[in-house]
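Let me begin by presenting the structure, written as structure tokens, before commenting on it.
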Amino acid sequence: MIYLDHNATTPLRPQALEAMLPYLRERWGNPSSPYRFGAEARSAVERARARIAEALGCQPAELVFCGSGTEADNLALRGAAQALRGRGNHIVTTAIEHHAVWHTCQALEREGFRVSYLPVRPDGVVDLDALTASLCPETILVSVMHANNETGVIQPVERIAALTRERGIVLHTDAVQSAGKLPLRLDRLGADLVAFSGHKLYGPKGAAALYARQGTPLAPLITGGDHERGLRAGTEHVAGIVGFAEAVALASAEVEAEAQRLGTMRDRLERQVVAAIPDAAVNGAAAPRVPNTSSLSFRGIDGESIVLGLDLRGICVSTGSACSTGDPEPSHVLLAMGVPARTAQGSIRVSLGRETRTDHVDATVQALADIVERLRGISSLGGEAA
Amino acid sequence: MIYLDHNATTPLRPQALEAMLPYLRERWGNPSSPYRFGAEARSAVERARARIAEALGCQPAELVFCGSGTEADNLALRGAAQALRGRGNHIVTTAIEHHAVWHTCQALEREGFRVSYLPVRPDGVVDLDALTASLCPETILVSVMHANNETGVIQPVERIAALTRERGIVLHTDAVQSAGKLPLRLDRLGADLVAFSGHKLYGPKGAAALYARQGTPLAPLITGGDHERGLRAGTEHVAGIVGFAEAVALASAEVEAEAQRLGTMRDRLERQVVAAIPDAAVNGAAAPRVPNTSSLSFRGIDGESIVLGLDLRGICVSTGSACSTGDPEPSHVLLAMGVPARTAQGSIRVSLGRETRTDHVDATVQALADIVERLRGISSLGGEAA
Amino acid sequence: MDDEPGTEEQGLPEMAGPVIYYNETVLEHFVCPRNVGQLDDQETDGFGLVGDPICGDQMKLWISVRDGAIARIAFRSFGCPGAIATSSMLTELADGKTIEEAKRITDDDVVEALGGIPERKRHCSLLGVRALQAAISDWERRRAAGDGRP
Amino acid sequence: MDDEPGTEEQGLPEMAGPVIYYNETVLEHFVCPRNVGQLDDQETDGFGLVGDPICGDQMKLWISVRDGAIARIAFRSFGCPGAIATSSMLTELADGKTIEEAKRITDDDVVEALGGIPERKRHCSLLGVRALQAAISDWERRRAAGDGRP
Ligand SMILES: Cc1ncc(COP(=O)(O)O)c(C=O)c1O
Ligand SMILES: Cc1ncc(COP(=O)(O)O)c(C=O)c1O
């Protein structure tokens, strides 16, 4: 199997699994229990928090552990919206957010908030003028993703933070696709809330975190016991948290070298695709991108058919975000960038990762060229059709 | 170590860990990914759902996987309250609920719902007349726990269901402490919503479920992708779900024999405690209880001191629910049963489990007798004090 | 093997998630679709085009009619695997049938012949049936107008 | 060992959770509290009782005063481990001190002597100090009333 869908999920690093196993075997205590056996589990959770804080540049008390990146996004948006309800009811986000943010903003609209969905430029970067223009005295919250899951395009979060900070607006960024791929310093990024997820960076599924800068107004999504300073009740996923911390620490240590390596392979992939396949385009290529992600469009054929064709040859790629697969609608991200619907329909996402080697890339381009040619032979949209 | 705090958490069963490991090692795909490697993970999640449904007597599509029992309770209460908002704003619960329900009801009060907290009788059973009297045309939701986490007292959920059903009121029950301890048939229990949690029944932390009877109005707590039929977005904790299902299946298979075994040991413990220690009482002993739980009160001393004294001898018990430990307030459960505050303060919870043997019980009683005597020697409340 | 794709057909609940899995027959028709291509004008007695020109699946279908029966059939399809496979199966079902028989082919027939198709891809099979009906209408129109082939 | 209890003292963040962990010194005073017991009436020069009679921690403290200094001290405590340990340490600090010195003992002194105590248990140390002050006031009152021992 050649797995090139690392933006959907990643393998659990053996070191992360090793770190987890004691908490799945002998150290299974409840971190909230008042005896030493519980303290052992508590200590594991707090050391994990301290490790992530150290790796990403924040205070341990600024991290709230959650069950998924989606939950972290929900906590950020719903939690800040509820805490700030008294100050205004306007929220600003973009047209290219992941469903975790997009659908949550839609839910907040049904609860009476007004949400502006900002356009992006053809290169996939949010229009800062539009953003500035959208801010008004009622604006309480801005949510702009750090790196897009389909195109890898990086948004200028630092610059947006400068705009929100001077207006006293809370800024959330969904960093699920940038954490582990870019060197991340939470204290310098400027966002007040930052979501990231374990399974996207070679950690376990079921563990994620929300960074909430000290003092950021936030109401809990899940109430009950006093866990996570009252911001996320429920017995902690101890083993998952420990593995998550291990994965974050390892990813941080190697992020620059790995970014270099992946960027070189991604560029090779795109060069070969454009050279080998007529009418192929790379989406978002003009903007800064995370180094592992490539969004490719092929005229006249359907993305789902390409994905299936590759799967039948043992190659895993996707049409867009994992959780919208099967959706017959073309990608909202590509449409927002002005890609025509038909072209968007003929798009796939290739995302490289730690196990990816050059020969995987070459084999994938070869298979892709075959499949695109075959599907174009069937297509009713080719130049040769009646 | 003698671990007698199984109501706080339980060890992960080796078989559950075995079942999980493939999904932590080679089968790490995203269940939402559109290729066979993703289908493998999807299939694992759906087989887990089917196994739990089979073991607990419901349809697979009636189960929503969550990250903790607390989250399942929050989804039930907040989800039903939001979905039913248009029909009324009154919620009925009891004075003895776990913080996951209690604090969530308080949060709903702040959002404008009116909540009635029903009293319980001295034996710890909710007063059905009070419950009947509390129901009014505005009542949309009743939440009564199945088994109490501190006393083990079982609430008459089937009878309550008869009252709510004929009035078209949604009934939630927190079965976190009964699942795995009592034979549970979700289709016969009568509740529309039932929460239970993996780590309380020898499954992993980070996996739990809400049963939502088909047709029960429910809004999601966490929005995003289409996961869990839109009721709980976020990449699934695949390994955790698989281990959870294994644990539920195994627990269901052995629940009756184990209930017998634990009940005998629990009775032995209580007999010995009352015989060996003056002024000791068993709370809730007059009511039906889950077979593993014992709530014990000792006049004139503090529960936290007993717990620490036992911990220093390698015995793990707790003062009450794990997540309220450190709370200087006496147990709200015991106070609701009419136990005087001073007595409630001198209470501990002993909860037996799969590894518990008779000699653990005997050693615990011995240690307890010593510690109680020593603490009474220090206490200012003894008969001998000035 | 219970880890294979195609689980949706194997009785897992509908909530089996957002992803669509195809069974072996569908996959086979996707990989080797029958009757792909187009008939040249001389050979064409009826032509049908269905689908939105801007987005979504699209299908073109040609028939050649001899003695009131479909003598040749060909299609081109822009679309998802479901669209390709159902189009292929439809042409296989229609090939050789009389026009009257061909008119009675339903999308259920196509789905059944394929051994099932994921719920959310049902519309694909409809696309093929509609293209065939459009081609038959075209043939009837040409015949009525007298410009059909003999 | 980084897996030991007492982590809160070892610099982990306050959010280390709802649970309270004690350090070794506190545990030692909990297990072997100093000066537990009570003085008989003949020996008692001052008595203090603090704490709510209905619930919460409660403490009783007796002192015997010789030449303006605390010659014997004893306590009984109903309460959590923190209350027992801080009471014990307080009596150790006060024993032998002049009344003037004993009056200046603060709860910070007690906490410091114990090497720290979890934040949420700070009130325990206050309880002991208040019991001592109550006992000293009692001694002063008895002396003023002339009914103290010689
Ligand atoms: C940008 C982005 N945000 C949020 C998420 C959701 O994270 P999780 O899968 O951990 O719920 C994803 C994952 O697909 C993502 O790519
Ligand atoms: C009755 C009850 N409900 C809910 C919970 C919360 O479950 P979890 O620890 O999985 O969040 C508990 C656990 O303490 C419980 O005992």
Side-chain angles (χ1 to χ4, degrees), chain A residues 1 3 5 8-12 17 20 24-25 28-30 32-38 67-71 73-74 98-100 103-104 107 197 199 204-207 221-227 233-240 304 307-308 310-311 316 318-319 321-326, chain B residues 1 3 5 8-12 17 20 24-25 28-30 32-38 67-71 73-74 98-100 103-104 107 197 199 204-207 221-227 233-240 304 307-308 310-311 316 318-319 321-326:
Chain A
M1 182 179 80
Y3 183 82
D5 197 15
T9 196
T10 56
L12 181 60
L17 177 55
M20 293 166 71
L24 295 170
R25 292 193 174 125
W28 44 265
N30 187 322
S32 298
S33 288
Y35 31 76
R36 285 167 296 177
F37 184 59
S68 69
T70 299
E71 184 189 336
D73 278 328
N74 273 257
H98 186 269
H99 287 178
H103 289 169
T104 304
S197 181
H199 75 100
K205 295 176 177 60
L221 196 63
I222 300 174
T223 44
D226 267 347
H227 317 79
T235 298
E236 296 89 341
H237 179 196
V238 180
E304 200 190 324
V307 168
L308 181 58
L310 287 172
D311 183 24
C316 302
S318 80
T319 47
S321 83
C323 59
S324 64
T325 320
Chain B
M1 183 178 80
Y3 184 82
D5 197 15
T9 196
T10 57
L12 181 61
L17 177 57
M20 292 167 71
L24 295 170
R25 291 193 175 126
W28 45 265
N30 188 321
S32 298
S33 288
Y35 31 77
R36 286 167 295 176
F37 183 59
S68 68
T70 300
E71 185 189 335
D73 278 328
N74 272 257
H98 186 268
H99 287 178
H103 289 169
T104 304
S197 181
H199 74 99
K205 296 175 177 61
L221 195 63
I222 300 174
T223 44
D226 267 347
H227 318 80
T235 298
E236 297 89 341
H237 179 196
V238 180
E304 200 190 322
V307 167
L308 181 59
L310 286 172
D311 182 26
C316 303
S318 81
T319 47
S321 81
C323 61
S324 65
T325 318

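Treat the numbers as computed from the prediction; the structure is a model and nothing was measured. To find a chain, count down the sequence lines: A is the first, B the second, and so on, and within it residues start at 1.
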What closest approach, in Å, do A:Gly224 and B:Thr70 show between heavy atoms, and which atom pair accounts for it? CA-CG2, 4.4 Å
Is any side-chain heavy atom of [X] less than 4.5 Å from a side-chain heavy atom of [Y]?
X: A:Thr10; Y: B:Trp28; value: no
X: A:Lys205; Y: B:Glu236; value: no
X: B:Met20; Y: B:Leu12; value: yes

Residue [X] versus chain A: region with a heavy atom under 4.5 Å:
X: B:Pro204; answer: neither
X: B:Ala233; answer: both
X: B:Leu17; answer: side chain
X: B:Ser197; answer: neither
X: B:Asn74; answer: side chain

Which one wins on heavy-atom pair count under 4.5 Å against chain B: [options]?
options: A:Gly69, A:Pro11, A:Gly38; result: A:Pro11
options: A:Gly234, A:Ala207, A:Ala107; result: A:Gly234
options: A:Ala239, A:Cys316, A:Gly67; result: A:Cys316
options: A:Thr223, A:Leu221, A:Val307; result: A:Thr223

Got a donor-acceptor contact below 3.5 angstrom from the [X] side chain to the [Y] backbone?
X: A:His237; Y: B:Gly206; value: no
X: B:Asn30; Y: A:Ala8; value: yes
X: A:Asp5; Y: B:Ser33; value: no

Pick one of side chain, backbone, both or neither for A:Ser68, based on which atoms fall under 4.5 Å of a heavy atom in chain B. side chain
